[in-house]
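Working notes, structure below.
All residue numbers refer to positions in the sequence shown, counting from 1.
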Amino acid sequence: MTERHAILSGSAFEEQIGYARAVVDGDWVHVSGTTGFDYATMTISDDVVEQAEQCLRNIEAALAEAECTFADVVRVRYLLPDRADFERCWPVLRRCFGDVRPAATMLMCGLADPRMKIEIEVYARRRIPPHGDAMVFERHGGAAVTGGLGCRAV
């Protein structure tokens, strides 16, 4: 059997609804649909771009706890109530996924709270090198970085 464990963010929604922010199952990391709430304060911006940035910060934290990064993401789903908001988010999304190029889908649908303007769900596959060695990637002028692509969602 493969290793399986839940990652919790502390979101009140996880406790109230009964789910995990992410589930690690072997090499696979399944990150639940993640909204723009700041889970420490349970506040959310009115701006869709700021919500997208917060979604990515929340996802980045879950991925880090699963020992992977945005570079490991193989699938992303974007859920938005208003398709007109999607294009405004592209620059933010490109910062995290532009070099990774995961398979992606955008769906227009209602979200659980009318304040939510975007929800992002990702699937990642952990690339753990043999013997626990750190992975090093070259990026931006040859500077070596341990881990992912250095996505900055702010």
To the nearest 0.5 angstrom, please state how far the [atom1] atom of [X] sits from the [atom2] atom of [Y].
| X | Y | atom1 | atom2 | value |
| --- | --- | --- | --- | --- |
| Cys109 | Arg77 | SG | CZ | 11.5 Å |
| Leu93 | Glu87 | CG | CD | 11.5 Å |
| Met116 | Ile44 | CE | CD1 | 6.0 Å |
| Leu111 | Gln51 | CG | CD | 9.0 Å |
| Glu60 | Glu65 | CD | CD | 13.0 Å |
| Thr35 | Asn58 | OG1 | CG | 7.0 Å |

Test side-chain contact (heavy atoms from CB on, under 4.5 Å) applied to Ile59 and Val73, Val76, Val31, the passing residue
Val31
Does Lys117 come within less than 4.0 Å of Glu50, counting only side-chain N to carboxylate O?
no
Salt-bridge present (Arg127, Glu67; N to O < 4.0 Å)
no
I'd like to check [X] versus [Y] (side-chain heavy atoms, cut-off strictly below 4.5 Å). Are they in contact?
| X | Y | answer |
| --- | --- | --- |
| Val24 | Ile7 | yes |
| Val23 | His5 | no |
| Leu107 | Leu79 | yes |

Listed by chain and number, what are the ring pair (Phe, Tyr, Trp, His ring centres under 6.0 Å) partners of Tyr39, not counting sequence neighbours?
none
Can a donor-acceptor pair be found, under 3.5 Å and without considering hydrogens, that links the side chain of [X] to the backbone of [Y]?
| X | Y | result |
| --- | --- | --- |
| Thr43 | Thr41 | no |
| Arg83 | Met106 | no |
| Glu14 | Ser9 | yes |

Please enumerate all residues that pass side chain to side chain donor-acceptor pair (under 3.5 Å) together with Asp25, with sequence neighbours excluded.
Thr2
Any pair with a residue in residues 31-48 that passes salt bridge (charged side-chain N to carboxylate O under 4.0 Å, His left out), sequence neighbours left out, goes on the list, sorted by first then second residue, please.
Asp47-Arg88
Chi angles and distances behind the side chain to side chain contact (heavy atoms under 4.5 Å, CB included) call for Trp28, Val74:
CA-CA 10 Å; Trp28 290 98; Val74 297; 3.7 Å; yes
When you look at Phe37 and Phe13, which way does the ring-ring contact (aromatic ring centres under 6.0 Å, His included) test go after all the steps?
CA-CA 10 Å; Phe37 271 93; Phe13 299 126; 5.3 Å; yes
Of all the heavy-atom pairs spanning [X] and [Y], show the shortest one and how long it is.
| X | Y | answer |
| --- | --- | --- |
| Ile120 | Tyr78 | CG1-CD2, 3.9 Å |
| Ala66 | Arg126 | O-CD, 2.8 Å |
| Ala62 | Arg21 | CB-CG, 3.7 Å |
| Thr34 | Cys55 | O-SG, 3.2 Å |

Any side-chain donor paired with an acceptor under 3.5 Å for Thr105 and Arg75?
yes
Side-chain heavy atoms under 4.5 angstrom apart, residues restricted to Ile, Leu, Val, Met, Phe, Trp, Tyr: same cluster for Leu63 and Tyr123?
no
Aromatic plane relationship, Phe70 with Phe97 - under 30° parallel, 30 to 60° tilted, over 60° perpendicular
perpendicular
